[in-house]
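All remarks here apply to the structure that follows.
Along the sequence shown, the residues carry numbers beginning at 1. FYI, side chains are in, hydrogens and waters are out, and symmetry mates aren't considered; it's all heavy atoms of this structure. No experiment lies behind these values; they were computed from the predicted model shown.
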Amino acid sequence: MDVRDIITKINESVEQLDFTTARKYIEENLELVEQKRSLLKTNAREILKFIIEKMISGEKPLSKSELNDIRVINTYATRLDIRGLKLNLKGKEQLLLKSETLNYLNADAKIILEGMRAINKL
């Protein structure tokens, strides 16, 4: 695939507010996209900047299974099922330590997890 085609697909994805697809294209072609940064639209440049910052910090993006675990945590918290939440949290301590995890937790989960001292107060 040509660099211009990739840039075009990224820009089209950003126009359609499909940031997931744009991020996928950027991650797959990071070196090429970084060289042609000036051809990207503003939102695409921000996604590129975000990806590069994450790579520099050494933090890996959340996997699909981790996102699913967060979704389950949010569900238990919304239902106020503390017992189910505690059972679900066993073995997932490292997930709660990631800074990106906090962005995906809903308000109920944040309050309950702060009360349990599983996460630090914001």
Side-chain angles (χ1 to χ4, degrees):
M1 195 179 267
D2 185 31
V3 177
R4 297 234 181 236
D5 293 337
I6 294 168
I7 298 292
T8 303
K9 287 188 180 210
I10 292 170
N11 287 334
E12 287 175 358
S13 298
V14 169
E15 283 178 9
Q16 297 171 359
L17 301 177
D18 187 5
F19 299 121
T20 306
T21 304
R23 181 176 178 171
K24 185 180 94 173
Y25 281 127
I26 291 171
E27 287 175 343
E28 290 174 355
N29 305 290
L30 187 62
E31 293 175 9
L32 297 173
V33 173
E34 194 172 5
Q35 293 171 357
K36 301 292 184 178
R37 168 183 270 162
S38 62
L39 300 175
L40 293 173
K41 295 194 176 217
T42 306
N43 286 338
R45 279 190 222 138
E46 289 299 319
I47 293 171
L48 176 64
K49 179 182 169 188
F50 173 79
I51 292 170
I52 291 172
E53 286 175 0
K54 289 293 179 185
M55 288 178 63
I56 291 172
S57 70
E59 187 176 331
K60 295 180 182 175
L62 295 174
S63 66
K64 288 185 180 182
S65 65
E66 290 173 329
L67 288 173
N68 189 39
D69 291 337
I70 294 169
R71 195 172 302 115
V72 171
I73 290 169
N74 286 336
T75 303
Y76 281 121
T78 302
R79 294 180 185 166
L80 294 173
D81 185 357
I82 306 300
R83 182 173 182 249
L85 182 62
K86 284 183 179 180
L87 288 173
N88 187 35
L89 288 176
K90 280 190 178 177
K92 297 182 176 81
E93 295 84 13
Q94 293 300 317
L95 176 62
L96 295 177
L97 293 176
K98 290 185 175 184
S99 61
E100 193 174 352
T101 301
L102 297 176
N103 297 331
Y104 290 96
L105 292 173
N106 64 19
D108 295 331
K110 286 179 185 177
I111 291 169
I112 292 171
L113 292 173
E114 284 175 3
M116 293 170 56
R117 295 197 175 130
I119 60 173
N120 292 329
K121 289 192 175 193
L122 302 175

Just how far is it from atom [atom1] of [X] to atom [atom2] of [Y], taken to the nearest 0.5 Å?
X   : Y   : atom1 : atom2 : value
N43 : E15 : CG    : CD    : 10.0 Å
Y25 : L32 : OH    : CG    : 14.5 Å
E66 : N68 : CD    : CG    : 11.0 Å
I51 : E27 : CD1   : CD    : 4.5 Å
T20 : I47 : OG1   : CD1   : 8.5 Å

Which atom pair, heavy atoms only, marks the closest approach of [X] to [Y]?
X    : Y    : result
N74  : Y104 : ND2-O, 3.0 Å
A44  : I10  : CB-CG2, 3.7 Å
I70  : T101 : CD1-CG2, 3.7 Å
K110 : L105 : CE-O, 3.3 Å
S13  : T21  : OG-CG2, 3.6 Å
E34  : I52  : OE2-CD1, 3.5 Å

Is there a path from [X] to [Y] through hydrophobic residues (I, L, V, M, F, W, Y) whose side chains come within less than 4.5 Å of each other?
X    : Y    : answer
I119 : L97  : no
L80  : M116 : yes
L87  : I112 : no

Does L39 offer a backbone N or O that forms a donor-acceptor pair with the side chain of N11 under 3.5 Å? yes
Would you find a donor on one side and an acceptor on the other, under 3.5 Å apart, between the side chain of K92 and the backbone of N88?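 Yes, because the side chain of K92 sits within donor-acceptor range (under 3.5 Å) of the backbone of N88.
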Under the criterion side-chain contact (heavy atoms from CB on, under 4.5 Å), which of R37, K41, K36 is the partner of I7? K36
The test is side-chain contact (heavy atoms from CB on, under 4.5 Å); show your working for L89 and L113 and say whether it passes. CA-CA 10 Å; L89 288 176; L113 292 173; 3.5 Å; yes
CD (Q94) with more than 12 external heavy atoms under 6.0 Å: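 No, because the 6.0 Å sphere around CD of Q94 holds 12 heavy atoms or fewer from other groups.
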Set of side chain to side chain donor-acceptor pair (under 3.5 Å) partners for T8, sequence neighbours left out: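 Side chain to side chain donor-acceptor pair (under 3.5 Å) list for T8, sorted by chain: empty.
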Among all residues two or more places apart in sequence or in another chain, which pass the side chain to side chain donor-acceptor pair (under 3.5 Å) test with D81?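 If we apply the side chain to side chain donor-acceptor pair (under 3.5 Å) test to D81, skipping adjacent residues, there are no hits.
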Which is it for L30 and M55 under the side-chain contact (heavy atoms from CB on, under 4.5 Å) test, yes or no, and what are the steps along the way? CA-CA 11 Å; L30 187 62; M55 288 178 63; 3.2 Å; yes
Step-by-step side-chain contact (heavy atoms from CB on, under 4.5 Å) determination, E28 to K24: CA-CA 6 Å; E28 290 174 355; K24 185 180 94 173; 3.5 Å; yes
